[in-house]
Amino acid sequence: MKVIADTNVLVRYLVRDDPRQAEIALDALRRATLLAVPLAVLCELSWVLTRGYRFTPSAVATAIRHLTESSVVVSDTAAVEAGLAMLSQGGDFADGVIAHDGSTLGGEIFLTFDRRAASRLLAQGAAAELLG
């Protein structure tokens, strides 16, 4: 079965805070011959684990790597790596993904009001401009 798992399924699988739902999620994921994980799901997952479950950036990165390195998982590897690079600098996974996706769409400069996101992207050699 080729599936797309919603963020809540992956949260149950990773966190296991609801034993019944965790078992259901695990069973469904085990039956998957392909698990498509869209970037929006990974961005939501990072946010939920960080804000809702108080995971450290390192723990979030480990969870995302564990998930995306599975042989049945398909995701945008380059965008995932960009998000993980931001996490490794203490930033938001989504900012890395957004900057990467924007550049693949032809964008050249990441515009933001977020001082930390701009400085982290500049440190990675990306073009960024802090507004305001």
Side-chain angles (χ1 to χ4, degrees):
M1 144 171 93
K2 297 178 180 182
V3 301
I4 306 161
D6 192 7
T7 306
N8 55 32
V9 173
L10 298 180
V11 169
R12 292 290 88 74
Y13 164 71
L14 292 167
V15 178
R16 301 176 191 214
D17 59 344
D18 181 316
R20 182 175 94 48
Q21 287 187 353
E23 193 57 40
I24 292 168
L26 181 59
D27 180 57
L29 294 176
R30 280 186 181 146
R31 290 184 285 120
T33 58
L34 180 136
L35 173 58
V37 182
L39 292 173
V41 168
L42 291 175
C43 290
E44 283 184 347
L45 180 65
S46 175
W47 191 88
V48 168
L49 294 178
T50 301
R51 304 285 196 254
Y53 291 93
R54 305 287 188 229
F55 277 37
T56 64
S58 174
V60 172
T62 298
I64 289 173
R65 282 200 188 283
H66 170 76
L67 178 67
T68 58
E69 290 175 355
S70 168
S71 62
V72 299
V73 170
V74 177
S75 193
D76 181 339
T77 304
V80 170
E81 289 302 321
L84 291 172
M86 283 296 278
L87 269 178
S88 74
Q89 293 182 331
D92 290 333
F93 180 84
D95 287 337
V97 169
I98 291 164
H100 176 272
D101 273 357
S103 69
T104 65
L105 295 171
E108 296 177 349
I109 300 172
F110 183 87
L111 299 179
T112 185
F113 289 105
D114 184 337
R115 182 177 314 280
R116 289 179 290 186
S119 69
R120 287 180 178 111
L121 287 166
L122 289 169
Q124 292 177 12
E129 183 179 328
L130 182 64
L131 299 176

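Everything numeric here is computed off the predicted structure, so don't read it as measured data. In this chain, residues are counted from 1 in sequence order.
Note that the CD atom of Glu23 and the OH atom of Tyr13 stand 11.5 Å from one another [nearest 0.5 Å]. Separating the CG atom in Leu122 from the CD atom in Glu129 is a distance of 10.0 Å, to the nearest 0.5 Å. Rounding to the nearest 0.5 Å gives a distance of 9.5 Å between OG1 of Thr77 and CD of Glu69. Rounding to the nearest 0.5 angstrom, the gap separating the CZ atom in Arg30 from the CG atom in Asp27 is 7.5 Å.
Within a 6.0 Å sphere centred on CD1 of Ile4, heavy atoms belonging to other residues, nucleotides or ligands number 12 at most.
Ser75 places a side-chain N or O within 3.5 Å of a backbone atom of Val37 that can act as its donor or acceptor partner. Remark: the backbone N or O of Cys43 is not paired with any side-chain donor or acceptor of Ser46 at under 3.5 angstrom. Of the possible donor and acceptor atoms, one in the side chain of Thr33 sits under 3.5 Å from a partner among the backbone N and O of Met1. Put simply, the side chain of Arg51 never gets that close to the backbone of Val48: no donor and acceptor are under 3.5 Å apart.
Leu29 and Leu26 fall within the same hydrophobic cluster, where Ile, Leu, Val, Met, Phe, Trp and Tyr residues are linked whenever their side-chain heavy atoms come under 4.5 Å apart, directly or through other members. Note on Ile109: it clusters hydrophobically with Leu131, by side-chain heavy-atom contacts below 4.5 Å among ILVMFWY residues. Under a hydrophobic-cluster definition in which Ile, Leu, Val, Met, Phe, Trp and Tyr are linked whenever side-chain heavy atoms come within less than 4.5 Å, directly or via other members, Leu10 and Tyr53 are assigned to the same cluster.
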List the atom pairs, with distances to 0.1 Å, where a side-chain N or O of residues 84-101 and a protein N or O form a donor-acceptor pair under 3.5 Å, not counting sequence neighbours.
{"from": "Ser88", "atom 1": "OG", "to": "Ala85", "atom 2": "O", "distance (Å)": "2.7"}
{"from": "Gln89", "atom 1": "OE1", "to": "Gln124", "atom 2": "NE2", "distance (Å)": "3.2"}

Stepwise side-chain contact (heavy atoms from CB on, under 4.5 Å) test for Asp17 and Arg12:
CA-CA 7 Å; Asp17 59 344; Arg12 292 290 88 74; 3.0 Å; yes
Trace of the side-chain contact (heavy atoms from CB on, under 4.5 Å) decision for Leu42 with Leu67
CA-CA 10 Å; Leu42 291 175; Leu67 178 67; 4.0 Å; yes
Can Val11 and Leu45 be said to form a side-chain contact (heavy atoms from CB on, under 4.5 Å), step by step?
CA-CA 7 Å; Val11 169; Leu45 180 65; 3.6 Å; yes
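Annotation: side chain of Val15 is in contact with side chain of Leu49 (closest heavy-atom distance under 4.5 Å). Proximity of Leu14 to His66: side-chain heavy atoms (C-beta onward) are separated by under 4.5 Å at one or more points.
Nearest heavy-atom pair across Arg20 and Ile24 is NH1-CD1, 2.9 Å. In terms of heavy-atom proximity, Ala117 sits nearest to Phe110 at CB-CE2, 4.4 Å.
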